[in-house]
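The next block holds one structure in the form of C-alpha cells; read it before the comments.
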Amino acid sequence: VTRPALVDKFRAVTAERLGRLRNALPAASDPDQWAVVTRELHTIKGEAQLVGFAHVARVARHIEQLLGDGSQVGARLASTLAGLEEIDALRLLSMDDPEAASRADAYLAAHPPA
Amino acid sequence: MGSSEKRWRVLLIDDSEISLAIASDVLAADGFDVRATTTLEGFDELLVDWSPEVILTDVNMPGMTGAELCRVLKRRYETAHVPIVLCSGMAAEDLAALARACEADGFVPKSESMADLAPQLREVCETMAW
C-alpha cells in the first residue's frame, strides 16, 4: 500500500467516523452510543498516528480527555463538538501543511483539559 | 527473513482498514503468510477455510471486542490451540492486563509505524511453537 493511498483512505474513513461521532454524541448517555463515541475517537487517534497526522491524533486524544469517562458528557458537549469541527477541518489538510499543526495547537490551547 | 525462518500463517482482524493495510504489509515483508479481514464474517470464513497458525486481533472493534473474540475462540475445541495475540494502541500495561484476563497468548502494542510488530509477533509464534 502506498503512502498517498493510505492518506486518501484516512481522509475518507475519517469523514465516515466523524459522521458516526456526530450522530452518537447527542445520545452519548446511552451506553451503546457512548461506546461508539469512544471507539471512533480511539480509532481516529490510532489511524492518524499511523499515517503521520500527528496533529489530528493530538486533537483526538484531547477530546478523549475532555470527555473523560462519560459521566459529564452533557456539560462537555459544546467544547467536544467544537473539537470535532476542528478535526473535520484538519482532515482536509496535508500533513505537510504547517497550518494544520498550528491550527491543532491553537485548538488545544483554547480547550485546556478539565 | 532468513531462509530457515518459518512462514507463519497469520490471520489479522481489525475494523481499521488503515491499520490492517499497514500491519499486513509489515508482516508480509517480514515473511509472514498473511490474510486480513475487517469483519467477523470474513474472519469466520478464513478461520475455517485457511486454518491460521496464529491470530492477531485488534481490541477495540464494533460487534465483538478482541478480548471477547479471544474468549470465544479459546472455548471452541477447533480453535483453542491457535495462539491469539492482542494488538492495540492502548497503554501497554493495560493491554498486558487485558491479554491475561482473556487468556490471550500474547500482546503487541500498536506503535506508530508498527515497526516492532513483525519481530514481536515472530517471538510469540516461536515461543508458542508446537
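Note that these values count all heavy atoms, side chains included, but never hydrogens, waters or copies made by symmetry. Every chain is numbered from 1, with letters handed out A, B, ... down the list of sequences.
Distance CG/A/L50 to CG/B/L20: 11.0 Å, rounded to 0.5 Å. Rounded to the nearest 0.5 angstrom, A/E40 CD and B/D15 CG are separated by 7.5 Å. Atom CD1 of B/I18 and atom CD1 of A/I44 lie 10.0 Å apart (nearest 0.5 Å). Rounding to the nearest 0.5 angstrom, the gap separating the CG atom in B/N60 from the NE2 atom in A/H42 is 4.5 Å.
Two different hydrophobic clusters hold B/L95 and B/L12 under the rule that ILVMFWY side chains link at heavy-atom gaps under 4.5 Å. Side-chain heavy atoms closer than 4.5 Å link hydrophobic residues (I, L, V, M, F, W, Y) into clusters, and following such links, even through other members, never connects B/I84 to B/L98. The hydrophobic cluster containing B/M64 does not contain A/V36, counting ILVMFWY residues as joined when their side-chain heavy atoms lie under 4.5 angstrom apart, directly or transitively.
The environment of B/E123 atom CD is sparse: at most 12 non-hydrogen atoms of other residues, nucleotides or ligands sit within 6.0 angstrom. Counting heavy-atom neighbours within 6.0 Å of B/K74 NZ, excluding the residue itself, gives a total above 12. Atom CZ of A/R61 is surrounded by 12 or fewer heavy atoms from other residues, nucleotides or ligands within 6.0 Å.
Looking at B/S88, the atoms closer than 4.5 Å to chain A (heavy atoms on both sides) all sit in the side chain, from C-beta outward. Heavy atoms of B/D58 lying under 4.5 Å from chain A are absent altogether.
At least one side-chain heavy atom of B/S16 sits less than 4.5 Å from a side-chain heavy atom of A/R17.
Per-residue counts of heavy-atom pairs under 4.5 Å with chain A were compared for B/K110, B/M114, B/E17; the largest is that of B/E17.
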